[in-house]
Amino acid sequence: MKTFRIFITAATVALFTSCAGLLDIPQHGTLTYDTYYQTDEEAETGVSNLYLTLRGLEYNLKLTKHLLCDDFWAGGGGRGDNADLEALNEFTFNTEQGFLQGVFQSYYQMIYQANVVLGHVKDDTPVKQQMLAEARVFRALAYFDLISMWGNPPLVDHELTPSEYAVPNGKTEELWALVESDLTLAINSGMLAEKTGVNDTETWRVTKQFAQALLGKAYLWQEKYKDAADCFDAVIRSGLYELYRGPYEDILQYTTAKNCESIFESVKIKNPNNTMENFSFYLTMVMWRTDKMTGVQEAGFSNMGWGFCAPKAELYNLFFQEEGPDGVRLNGTMKTYDQMKDMSITIMPGASMINEGYFFWKWRLPQSAEDGGWSSATVHVNTRWMRLAEVYLLGAEAHLLANNAGTAADYLNKVRERVGLRPKNGISLQDIQTEKRLELCGEGVRFQDIVRWKIAKNNLEHQGDYCPFLNSNGVVDSVSFHKDPSLYGFKDKHYLLPYPAAEIRLNTNIKQNPGW
C-alpha cells in the first residue's frame, strides 16, 4: 500500500520519538492496484469503461468510415462547413487529420483499459472471469480496426512501464495472432453472455456470438476462409438470432433496439433527467440539413440536423438496378427529393445544400427520439455495431472463397428474401459485394471492405472532381474546387491510413506508412 509520510524538522524529533510509528499514515481516498479490482463490482467497473469508450467512439469512427467510402458526400451546411470531413471525403487529408487521430487514440485508450483489467483482475469468481473474457473481446475489437486500417500499429498486450512507452510498429501477423488468441480464449472460457432466446431483449453485454463473429472477420481478413466460415456458421446455428421482420426502414431506429437481429450495440436509455448523458452528436450530424428545409417538424422529424454524409446518386442507382423503384430496402434506406416533397419537406426557396438529390432515411430522427432541445436530441438511439445480416453476408463470402458455393448462396439469399428479392443462384463475389453494400449501407463497414477487396482506388480515384449542390427547384449543380488531380482522390497510399503525426512526435519509434 502506498503511504503518505509527514516530514518534520530536527527540532521536533525528540518530542515525537515515542510516536514515530504514528507518522506513517495511509493516504485516504486514493485507489491503487494493490487495493482496487479486488471485488466483482470493481472488476465490472473496469470493464464498464470499455463499453463507454466504445460508445464515445461513435462520432469520430462512424463519420470517418462513412466519408472514406464511396457511398457519401461530405455534405454539411456548405463548402468549408467542416474542412476535416471534406478532406476525408476527397482524400486531401494529411497526417494531422483530426478524426483519424481521435479514432487512433480512442482505440489505444480501449487497449489500455483492457490491459488494466487483464493485468489486475483475478479469475477467482465467475463475475471476474466474465469481465476478463469481455476485456479480451474489446482489445481484439480495437486491434481489428487498427490492423485493417493502419496495417502494423504498435502491439501493446500489457500495461507499459515508462521504459516501454516508445513501442515500435508491430508485425501484422503477430497483431492478428493476438486478436485470434484473445477471441479464442474469450469464446472458450464459457464465461461470455449468451441470449436466452431469439426474443431476449435483456442481454446487452458482449456475447459469445459477437466474439465468434469478430473472430470470423479476423480470419476472413487474413484469407483463412474455412476458419472464418466455421465462426459465422456457429453464430447462425446458435439459433439465438433471426433477421428482423418488421418495417425495414426501422432497422436502426430506437424503436427496434436490441431486436432479434442485433448481435451487439451500445445501449442507451431514455432519461429526461440526464439528457446529455446519451446525446448522440453523430446522429445530429448525419440528419438532413434541416435549417435549410421546411416542413421537417410538421412531418414529425427533428429539426436539429446538420446534413453530413449525403448519399450519392451512384448508390441510389445501384439500389434501383437491384430492386426497382419500389424496392423495400431502397425505400427503407433513402428517399429522393421528390419523395421528400411528397411529405411536404422541401428546401427553402433560394437555398441549396451539398446533396445529389437523395436523403438517407435509415438515419431519420423522429421527434419521438428526442427529449427536447438541441442538446438532448437523439438521446436514446442505440449505436449498432453488428447485426445478423452482416454475419450472413460475411459467411456467404467465406463459404464462396472456401469453395462452398451452395452455402454461400443460401446465406446471401436469406438476406435478399427478407426484403422480398428473388434468390440468386451461382453467385459471384461481385454479387456478395453488391448485396453487402446495399444491406449494410451507412453502418460503417464499407470502407474496410473496399480496401480489402482492392477496389477502393478504382471506385474513388476521382473523388473530389466536383461537389454537388441541390437547389430548392430540384436541380443539382456540380462545382469543382480542386484543379490538380494529383492532390485529391484515392491513391495507392490510402490503402493504409497514416499514423497521426502527433503520435509519431510522441513516439519516434513508429514508422510512418508508405507515401505519407
Side-chain angles (χ1 to χ4, degrees), residues 62-63 66-67 69 71-73 75-76 243-257 259 261 280 282-290 292-347 353-370 377-378 381-384 387 389 415 418-421 435-446 468 470 474 476:
K62 293 270 188 176
L63 288 173
H66 293 337
L67 294 175
C69 82
D71 286 341
F72 301 104
W73 300 104
L243 293 174
Y244 171 71
R245 297 288 175 171
Y248 187 84
E249 64 178 12
D250 292 339
I251 203 160
L252 298 184
Q253 292 291 299
Y254 77 96
T255 53
T256 61
N259 66 61
E261 183 170 344
S280 175
Y282 160 72
L283 287 175
T284 300
M285 288 284 281
V286 298
M287 176 59 174
W288 323 315
R289 188 71 195 192
T290 54
K292 295 190 175 187
M293 305 174 79
T294 61
V296 174
Q297 284 186 296
E298 292 79 0
F301 299 103
S302 167
N303 70 338
M304 290 310 305
W306 292 354
F308 288 92
C309 299
K312 288 186 174 182
E314 70 172 74
L315 179 63
Y316 178 87
N317 292 338
L318 184 62
F319 268 109
F320 191 95
Q321 175 184 323
E322 286 292 312
E323 304 183 7
D326 299 322
V328 170
R329 190 166 49 188
L330 165 60
N331 285 282
T333 302
M334 67 177 72
K335 302 292 186 186
T336 66
Y337 186 43
D338 283 341
Q339 288 174 311
M340 299 293 281
K341 289 192 292 185
D342 288 342
M343 293 181 277
S344 299
I345 302 174
T346 62
I347 299 174
M353 62 178 68
I354 298 176
N355 191 297
E356 216 167 359
Y358 305 95
F359 296 80
F360 214 69
W361 193 249
K362 261 185 181 178
W363 295 331
R364 73 194 185 281
L365 297 179
Q367 291 176 14
S368 54
E370 300 179 322
T378 71
V381 179
N382 288 359
T383 305
R384 274 49 164 212
R387 56 188 179 92
V415 177
R418 186 252 296 272
V419 291
L421 295 176
E435 197 69 28
K436 197 174 184 187
R437 183 179 188 182
L438 301 183
E439 175 64 33
L440 298 171
C441 176
E443 297 186 43
V445 301
R446 177 68 176 170
L470 175 65
V476 177

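Residue numbers start at 1 and run along the sequence shown. These values consider heavy atoms only, across backbone and side chains, with no hydrogens, waters or symmetry-generated copies.
Within the 4.5 Å cutoff, the side chain of Leu63 has heavy atoms near those of the Val286 side chain. Side chains of Leu315 and Arg437 form a contact here, defined as non-hydrogen atoms less than 4.5 Å apart. Using a 4.5 Å heavy-atom threshold, the side chains of Gln339 and Asn331 count as touching.
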Problem - Verdict with supporting geometry, Val328 and Glu323, side-chain contact (heavy atoms from CB on, under 4.5 Å) - result: CA-CA 8 Å; Val328 170; Glu323 304 183 7; 5.6 Å; no

Test Glu322 against Leu330 for side-chain contact (heavy atoms from CB on, under 4.5 Å), laying out the working first.
CA-CA 9 Å; Glu322 286 292 312; Leu330 165 60; over 6 Å; no

side-chain contact (heavy atoms from CB on, under 4.5 Å) between Lys312 and Leu318: does it pass, once the steps are laid out?
CA-CA 10 Å; Lys312 288 186 174 182; Leu318 184 62; over 6 Å; no

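Taken to the nearest 0.5 Å, the SG atom of Cys441 stands 4.5 Å off from the CZ atom of Phe72. The CZ atom of Arg289 sits 6.5 Å away from atom CZ of Phe308, with the distance rounded to the nearest 0.5 Å. To the nearest 0.5 Å, the span separating CD on Glu435 from CZ on Arg329 amounts to 4.0 Å. Going from atom OH of Tyr244 over to atom CG of Leu252 covers 10.5 Å, rounded to the nearest 0.5 Å. Rounding to the nearest 0.5 Å gives a distance of 12.5 Å between CE of Met334 and CE of Met340. The distance from the CE atom of Met343 to the CG atom of Asp338 is 11.0 Å, given to the nearest 0.5 Å.
For the pair Arg384 (side chain) and Gln253 (backbone), a donor-acceptor distance under 3.5 Å is present. One N or O on the side chain of Gln367 and one on the backbone of Gln297 form a donor-acceptor pair closer than 3.5 Å. Using modelled atom types, one side-chain atom of Tyr337 and one backbone atom of Ile347 make a donor-acceptor pair closer than 3.5 Å. Distance alone, capped at 3.5 Å, is enough to place a donor-acceptor pair between the Glu356 side chain and the Ala313 backbone.
Tyr282 and Trp363 have perpendicular rings, their planes meeting at more than 60° on a 0 to 90° scale where under 30° would count as parallel. Taking the six-membered ring where the residue is Trp, Trp288 and Phe301 present perpendicular rings, their angle passing 60° and hence far from 30°.
Minimum interatomic distance between Ile251 and Thr256 (heavy atoms only, all atoms of both residues): O-OG1, 3.4 Å. Of all non-hydrogen atoms in Cys309 and Leu67, the two that sit nearest each other are SG-CD2, 3.9 Å. Heavy atoms only, all atoms of each residue included: Asn355 and Phe359 are closest at ND2-CE2, 3.8 Å. Contact detail for Ser302 and Thr290: the closest heavy-atom pair is O-CG2, 3.6 Å. Nearest heavy atom pair, residue Val476 against residue Gly357, reads CG2-N, 4.4 Å.
Checked by atom type, the side-chain pair Glu439/Tyr248 shows a donor-acceptor distance below 3.5 Å.
Test Arg245, Arg364, Lys362 against Asp250 for salt bridge (charged side-chain N to carboxylate O under 4.0 Å, His left out) and you get one pass: Arg364.
Using a 4.0 Å cut-off between charged side-chain N and carboxylate O, Arg387 and Glu443 make a salt bridge. Glu261 and Arg418 are joined by a salt bridge, as a carboxylate oxygen and a charged side-chain nitrogen come within less than 4.0 angstrom of each other.
Between Trp73 and Phe360, the distance separating the two ring centers is not shorter than 6.0 angstrom.
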